[in-house]
Amino acid sequence: MVDDSIYSLGLDEIDIKPSFRSTQIYNWLYKKYVDNFDDMKNIPKEQIVQLKKIYSLDTIKLSNIEKSSDGTIKYLFTLKDGNTIEAVLLLMSEKKIDKKDGYIKKSEQYTFCISSQVGCKIGCSFCLTAKSGFKRDLTAGEMVAQVVYLKKLNNIDQNRSVNIVYMGMGEPLDNYNNLVKTIKIISSKDGLDLNTRRQTISTSGVTNKIKQLIEDDLGVQLAISLHAVNDKLRDELIPLNKKHNISSILDIVKKFPVDKRKKILFEYLMIKDLNDDVASAKTLSKLLKGIDAKVNLIYFNPFDGTSYSRPSKISMIKFQEYLNSQKIICTIRQSKGLDISAACGQLRQKQI
Ligand code: SAH
Ligand code: SF4
């Protein structure tokens, strides 16, 4: 597939002269969200003709929108080759210190959950995305376009900050080069200007790519999908564990630079009678010694044909309380968008 999407290009990669024209184009794409070259009013007509010849803007097409009763919105996009991907908008309340009066205030924060691949190669036993296999990596343009669409469709002001979580379909670190390109494009000051500190890469633990991420020093946040405290169970849940086991992941994570206010996030999927006991919480707290970690417990979200079950609320709370007693910050992720299958692990290719 030829990637002629203009969303795949860094500011200095757009073939146009003089260079300020690239900044103007970025302004149209990422501040005004135009989806047509003809709407770029300050670009001379001849150059518009030229741009249309070499670049495309129809990188993804909106095919469906589903709204959950909790405010979560799931978007289905069709790619130019007919594959489909999903992206999710979540509304989360965030506590912030008011700069004027110093009081802690709650504000609604937008979080975009972005897909990085069509399907996924890792094949986790608890994940619906894995069930449809792997089709292909997304281009940077296809990832950038998801962000642009979600901002545009929700009339989100160009200056409003949003959180980006690479937690949709796919393993982002398996598509490393395009992921890094995406992060650079959406963080560009002349474009969407999204802070890298508000971008989180969630990974099943591709250690060599985590190492690369440390070397590339992008300033992004890291989330590790741990889900098990021993290799036997983790091998069963996440086949990649046979190559990148728990201790190798923890070793590399110890080297990951963390922001003063942030920590490394460990996601722990709770599955009934498998890993939801306090003994596992004890082992987890030992494993995390020496790591600036916080833990986010996730309820297993069921789907047709799975043999796993959702844990009880009480087991989640006991697990959380144990970790808290060990001075590890532990939160329970509210399952958002369950009624529209937009929750973690429920995204997949759809026929339209
Ligand atoms: N591939 C990356 C990011 C996408 S998956 C990763 O695995 O981290 C995003 C998160 O959803 C991961 O933490 C994943 O373990 C979790 N997840 C997958 N299937 C799930 C399910 N059925 N219920 C709850 N969470 C699930
Ligand atoms: Fe891939 Fe993540 Fe799903 Fe595992 S949980 S199959 S790594 S998307």
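Atoms within a ligand are numbered from 1 in the order they appear, just like the ligands themselves. Counting begins at 1 with the first residue of the sequence. Side chains included, hydrogens not; waters and symmetry mates left out as well; all remaining heavy atoms used.
For ligand 1, the atoms sitting less than 4.0 Å from at least one non-hydrogen atom of Leu269 are 23 (N), 24 (C), 25 (N), numbered in the order shown with element in parentheses. The contact set between ligand 2 and Cys120, taken as ligand atoms under 4.0 Å from a residue heavy atom, comprises 1 (Fe), 6 (S), 7 (S), 8 (S). The ligand atoms of ligand 1 that sit less than 4.0 angstrom from a heavy atom of Gly168 are 4 (C). For ligand 1, the atoms sitting less than 4.0 Å from at least one non-hydrogen atom of Glu267 are 13 (O), numbered in the order shown with element in parentheses. Against a heavy-atom cut-off of under 4.0 Å, Thr203 is close to the following atoms of ligand 1: 6 (C), 8 (O). Proximity to Ser225 (heavy-atom distance under 4.0 Å) selects the following atoms of ligand 1: 6 (C), 7 (O), 8 (O), 12 (C), 13 (O), 15 (O). Against a heavy-atom cut-off of under 4.0 Å, Tyr299 is close to the following atoms of ligand 1: 23 (N), 24 (C). Of all the atoms in ligand 1, the ones that sit under 4.0 Å from a non-hydrogen atom of Gly170 are 1 (N), 2 (C), 3 (C), 4 (C).
The shortest N or O to N or O distance between Ile298 and ligand 1 is not under 3.5 Å. On a distance-only criterion, Phe126 and ligand 1 share at least one N/O pair closer than 3.5 Å. At a 3.5 angstrom cut-off on N or O pairs, Ser202 counts as close to ligand 1.
Ile329 and Tyr268 fall into different hydrophobic clusters, where Ile, Leu, Val, Met, Phe, Trp and Tyr are joined by side-chain heavy atoms under 4.5 Å apart, directly or via other members. Transitive grouping of hydrophobic side chains (ILVMFWY, heavy atoms separated by less than 4.5 Å) brings Val144 and Ile54 into a common cluster. Linking Ile, Leu, Val, Met, Phe, Trp and Tyr whenever their side-chain heavy atoms come within less than 4.5 Å puts Ile252 and Leu173 in one cluster.
Checked by atom type, the side-chain pair Asp137/Asn178 shows no donor-acceptor distance below 3.5 Å.
The residue among Arg310, Met169, His227 with a heavy atom at the shortest distance from atom 15 (O) of ligand 1 is His227. When Ser202, Cys124, Ser116 are ranked by how near their heavy atoms come to atom 4 (Fe) of ligand 2, first place goes to Cys124. Taking only non-hydrogen atoms, the option from Pro239, Gly170, Ser204, Ala130 nearest to atom 8 (S) of ligand 2 is Gly170.
Residues that satisfy the side chain to side chain contact (heavy atoms under 4.5 Å, CB included) test with Asn177, not counting sequence neighbours, are absent from this structure. For Tyr30, the ring-ring contact (aromatic ring centres under 6.0 Å, His included) criterion is met by Tyr26, not counting sequence neighbours.
Remark: Lys121 qualifies as a cation-pi partner of Phe134 under the 6.0 Å distance and 45° angle criteria applied to the six-membered ring.
No more than 12 heavy atoms of other residues, nucleotides or ligands shown are found within 6.0 angstrom of NZ on Lys272.
Between Tyr149 and Phe77, the ring center distance clears the sub-6.0 Å criterion.
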